[in-house]
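Convention: sequence-line order gives letters A, B, ...; per-chain numbering from 1.
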There are 2 protein chains.
Amino acid sequence: MDAKNLLKEHVSKIVALTDKQFDYFFSHFKTETFKKGQTVISEGQNVDKEYFVVSGCLKSFYVNDEIKMYILQFAMSTWWASDYAALYNKTKATINVDCISDVEILSLSNDDREKLCREIHEVEHFFRWRTNRGYVASQKRLLSFMNNDTKTRYEELLALYPALYNTVPKHLIAAYLGVSRETLSRLYNASKSH
Amino acid sequence: MDAKNLLKEHVSKIVALTDKQFDYFFSHFKTETFKKGQTVISEGQNVDKEYFVVSGCLKSFYVNDEIKMYILQFAMSTWWASDYAALYNKTKATINVDCISDVEILSLSNDDREKLCREIHEVEHFFRWRTNRGYVASQKRLLSFMNNDTKTRYEELLALYPALYNTVPKHLIAAYLGVSRETLSRLYNASKSH
DNA sequence: TTCATTACGTGATGTAGATCACATTCGTCA
DNA sequence: TGACGAATGTGATCTACATCACGTAATGAA
């Protein structure tokens, strides 16, 4: 499916836009393509866009002391990604977003999103829904962090993103789980043996 | 300040409603008062309201195996609380909300919120803003969880909710930090001695 | 093909924090 | 005022995971 129809289908699950409204909405997006390994947002830069993933996989992550990396989110087709704290507060990025694979995304500037939200009530509703979904997911992950051991969280992750299993290197999965790659490796091999 | 004006001031920081619009908006809220220790939402029940705190302090928390408690949020004056996962998905509550002190709150039903969002574009904008703020805060806390040790998180918490320091029992602070009360006690007393 | 880089596995050892156990103090209510 | 439950402090021990160290396999570019 092409980018426009993918976005259209995604939005239409939540709000009903006329074709004309959707065309107008879509006219604010810009198609961008990146190669595996390229950077979309990097720490310290200004952030003025958010991204809707058409194909491929992004990761958003924080790097501590130039050493440890923690992955906040993997973003696959129909997921959204940005540094939302920086985007909304108009501050410099504190997180990075880059490409795990070749990627096609649709970008939307913060100003255009706010303009569209003002102009089309349904669009505002859509973005409220989307943010709410993210909020609930984030709370759930936080709870899982406090409550579950690493193995349980590993299984949860594979349930949430089944495609990751064979797609992304294990050390990235460890960085999402917040454990060392060694621990994940041991865990993973121990549970294989029965 | 009375409940109505507190809410009015809170909302007006984000959107401009006419007095007539605000009166209509406010007419959907119901004042409720609770005594310290009383339950607002309990696990397994239906959830159909969210709460705006006028005075006092709520906690929202998850209880694992009837044993361990993890606090998702403390909610003080002008904060909102509910089990948003249950509220939006119309499922049974998985978290609890109760009162750390005597509390006055304004309740708003999910149906009324959605109705108000449909009827008044500015109201939808307000709730999008509010949820977004919650999402960003939740991401930040998740990152802090992965990245920082308990002591740093303890200091962050006191910076975020300075009023908690002398207000709530230490074991609740431990439950927010996701550590045992013993560990918090040791940490707290160790750092006192210099 | 070769060489370098990245990914992955696994042992040894150190450590933050959990858990258990018990003592002490505080708050609340009869 | 006395008493009982809740909150807190503190020692001893256990455990999951980090860290360091090293080896091997896979990947990718020249």
Side-chain angles (χ1 to χ4, degrees), chain A residues 35-39 57 59 61-71 74 98-102 143-158 164-193, chain B residues 35-39 57 59 61-71 74 98-102 144-158 164-194:
Chain A
K35 290 281 171 197
K36 175 175 175 176
Q38 281 191 300
T39 297
C57 185
K59 65 174 192 284
F61 60 103
Y62 172 76
V63 178
N64 155 287
D65 304 330
E66 321 287 315
I67 297 177
K68 281 194 225 166
M69 176 181 73
Y70 298 102
I71 293 180
F74 293 110
D98 72 16
C99 304
I100 294 179
S101 64
D102 290 357
L143 214 46
S144 179
F145 232 94
M146 295 201 276
N147 189 38
N148 299 133
D149 61 19
T150 304
K151 192 180 171 189
T152 307
R153 296 207 315 280
Y154 174 64
E155 283 154 8
E156 270 181 11
L157 173 62
L158 292 188
L164 285 189
Y165 186 75
N166 289 313
T167 313
V168 315
K170 301 273 183 290
H171 74 268
L172 293 184
I173 293 184
Y176 181 93
L177 297 175
V179 295
S180 69
R181 55 168 203 84
E182 293 96 331
T183 296
L184 181 64
S185 170
R186 279 183 255 264
L187 210 100
Y188 171 76
N189 289 359
S191 63
K192 254 198 313 210
S193 62
Chain B
K35 289 280 172 198
K36 176 176 175 176
Q38 283 191 299
T39 296
C57 185
K59 66 175 193 281
F61 60 102
Y62 173 75
V63 178
N64 153 288
D65 305 329
E66 320 287 315
I67 295 177
K68 281 193 225 165
M69 176 181 74
Y70 298 101
I71 293 180
F74 293 110
D98 71 16
C99 303
I100 294 180
S101 62
D102 290 358
S144 179
F145 232 93
M146 296 200 276
N147 190 37
N148 298 133
D149 61 17
T150 304
K151 193 181 170 190
T152 307
R153 297 208 314 281
Y154 173 65
E155 283 154 7
E156 270 182 10
L157 174 62
L158 292 188
L164 285 189
Y165 185 75
N166 288 311
T167 314
V168 316
K170 300 272 184 292
H171 74 268
L172 293 185
I173 293 184
Y176 181 93
L177 297 174
V179 295
S180 69
R181 56 170 202 82
E182 293 95 330
T183 294
L184 181 64
S185 169
R186 280 184 254 263
L187 209 100
Y188 171 75
N189 289 358
S191 62
K192 253 198 313 209
S193 62
H194 51 245

* To do: Could you please name the option among dG17(C), dC20(C), dG9(C) that lies closest to any side-chain atom of Asn189(A)?
  => dG9(C)
* Asked: Could you state the interatomic distance from CD1 (Ile71(A)) to CG (Leu157(A)), rounded to the nearest 0.5 Å?
  -> 9.5 Å
* To do: Round to the nearest Å and state the distance from Asp149(A) atom CG to dA18(D) atom P.
  => 12 Å
* Asked: So, Arg153(A) side chain and Asn148(A) main chain: donor-acceptor pair closer than 3.5 Å or not?
  -> yes
* Asked: In chain order, what residues pass the side chain to side chain contact (heavy atoms under 4.5 Å, CB included) check against Ser185(B), with sequence neighbours excluded?
  -> Asn189(B)
* To do: Find out whether Leu184(B) and His171(B) are in side-chain contact, i.e. whether some heavy atom of one side chain is under 4.5 Å from a heavy atom of the other.
  => no
* Straight-line distance of Phe145(B) CZ to Met146(A) CE, nearest 0.5 Å -> 5.0 Å
* Taking atom types as they are modelled, is there a donor-acceptor pair under 3.5 Å from the base of dC20(C) to the side chain of Glu182(B)? -> yes
* Euclidean distance, atom CZ of residue Phe145(A) to atom P of dC17(D) [Å, nearest integer] -> 11 Å
* What is the distance from CG of Leu164(A) to C1' of dA7(C), rounded to the nearest Å? -> 17 Å
* Asked: Taking all non-hydrogen atoms of both residues, which atom of Leu164(B) and which atom of Cys57(B) are closest, and how far apart?
  -> CD2-SG, 4.5 Å
* **Phosphate OP1/OP2 of dC17(D): any Thr150(A) side-chain N/O under 4.0 Å** => yes
* Could you state the atom-to-atom distance from NZ of Lys151(B) to C1' of dA16(C) in whole Å? => 14 Å
* To do: Search all heavy atoms of Leu172(B) against all heavy atoms of Phe74(B) and return the closest pair with its distance.
  => O-CZ, 3.8 Å
* Roughly how far, to the nearest 0.5 Å, is the CG atom of Leu143(A) from the OH atom of Tyr70(B)? -> 8.5 Å
* Structure fact -> Separation of dA7(C) atom P from Ile100(A) atom CD1, nearest Å, is 11 Å
* Structure fact -> Residues in residues 169-179 of chain A with a heavy atom under 4.0 Å of DNA chain C, by number, are Pro169(A), Lys170(A), His171(A)
* Asked: In whole Å, what is the span from the CE atom of Met69(B) to the C1' atom of dA18(C)?
  -> 16 Å
* NZ or CZ of Lys170(B) within 45° of Tyr165(B) ring axis and under 6.0 Å -> yes
* Who passes side chain to side chain contact (heavy atoms under 4.5 Å, CB included) against Asp102(B), sequence neighbours left out? -> Lys35(B), Lys36(B)
* Structure fact -> From CZ of Arg186(A) across to P of dT15(D) the rounded distance in Å is 17 Å
Pairwise N/O distances under 3.5 Å, protein to nucleotides 3-5 of chain D:
none

* Bend angle of the helix from dT1(C)-dA30(D) to dA30(C)-dT1(D), end axes from five pairs each (to 10°) -> 50°
* Is any side-chain nitrogen or oxygen of Thr183(B) closer than 4.0 Å to OP1 or OP2 of dG17(C)? -> no
* **Annotated protein contacts, base or backbone, on nucleotides 22-30 of chain D with a non-hydrogen cut-off under 4.0 Å, one of B, S, - each** => ---------
